[in-house]
Amino acid sequence: MTLTPEQALEQAALAGIHCLRIPTPFAVGRVNCYLLEDEPLTLIDTGPNSGKALDELQSQLAERGHAIEDLELVILTHQHIDHLGLVEIIARRSGAEVAALGLAAERLANFGEDAEREDELAVQLMLRNGIPQEVAFALQSVSRSFRGWGSRAEVTRPLEDGQTMPFRDRLLEALHRPGHSPSDTIFWDADRRILIAADHLIAHISSNPLITRPLDGSSERTQALVTYIESMRKTREMPAEFVLSGHGEPITDHVALIDDRLAKHDRRKEKVYKLIAEQPRTGYEIAQAMWGNVAVTQAFLTLSEVIGHADLLVNEGRVREVTDGDVVRYEATG
Ligand SMILES: [Zn+2]
């Protein structure tokens, strides 16, 4: 019998996992952080770096009889600022350890510098794929203006893929599931069959596999969608009773959700192929043919979608990239 999302939250609470919904200034709305009432007392994700987020986190902790100062461990699920912005403040006030994927530790420690390099790559990528200069530069300044909601983080407990974290009442296995971001890490309670997956899986929105620099710091871009599909296939095989997400409601049938997402990407891939087979096009031209003239703030998102699906086609040998001056076009090989 499938649980309702409400029942899943009740079961999680009985297992000492409490969802704290923390406000963000972003379109995605509130972020779900999880308080683990165990030893050590643990917070999974922190919310963004804002007074409002800190205030709400404090009062939601207080409702359960805790203060920021009581926290002993903070676990970060991935590198995005809506999930980790308060980590430095919390770690300083509580002395809590900070656990995150070890591969991401250097990146998290150099947040400002790293975000700058990330934005530079994004601009280069946008220009190469035919996005007009003024759009690319406008997006760069939007991204810069968001940076204040993030924070650097000193990871004191680096995690390896497959590592088991022992608590008084449970074991959590940390599993690296890159795609939505290169550092996505999910936490698996095998005894209770509860999966804490953050943005790896979200019920009401398809997690956007944004093009990003890999964690090793090289400037070669990742094949974010290809990686994400591999990660989803692994998660599909897990016997989870329910999945706790980084946004929105718990997922009570992750197999159906993943099958649905895989089918959607397959359909979108064929749509992209059709456009490329008609005539060679830049990523921007494909995005425009698919979605029309989107808002400036959506330009990188839609380009990431197009490149993600074009990567799948390139890997299948059906499409190739052809450089033409400063831009790259996709053309069909057949
Ligand atoms: Zn995210």
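Just so it is clear, the structure is predicted and the values come from calculations on it, not from any experiment. Whatever order the structure lists them in is the order used to number ligands and atoms, beginning at 1.
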Item checked: Which atom of H80 approaches the Zn ion (ligand 1) most closely (N/O/S) -> ND1

Note to self: At a threshold of 2.8 Å, where the distance has to be below it, does the Zn ion (ligand 1) have an N, O or S atom of H78 nearby?
What the structure shows: yes

Check: Does a sphere of radius 6.0 Å around CD in Q279 hold more than 12 heavy atoms from other residues, nucleotides or ligands, not counting ones at 6.0 Å or beyond?
Finding: yes

Item checked: Atom of D199 nearest the Zn ion (ligand 1) (restricted to N/O/S, atom name only) -> OD2

Checklist line | Six-ring centre of Y330, R281 cation under 6.0 angstrom, axis tolerance 45° | finding: no

Note to self: Less than 3.5 Å apart, any donor N or O on the side chain of E97 or T156 sitting next to an acceptor on the other?
What the structure shows: yes

Next item on the list: For D45 and H83, test the side chains for any donor-to-acceptor distance below 3.5 angstrom and give the result as yes or no.
Entry: yes

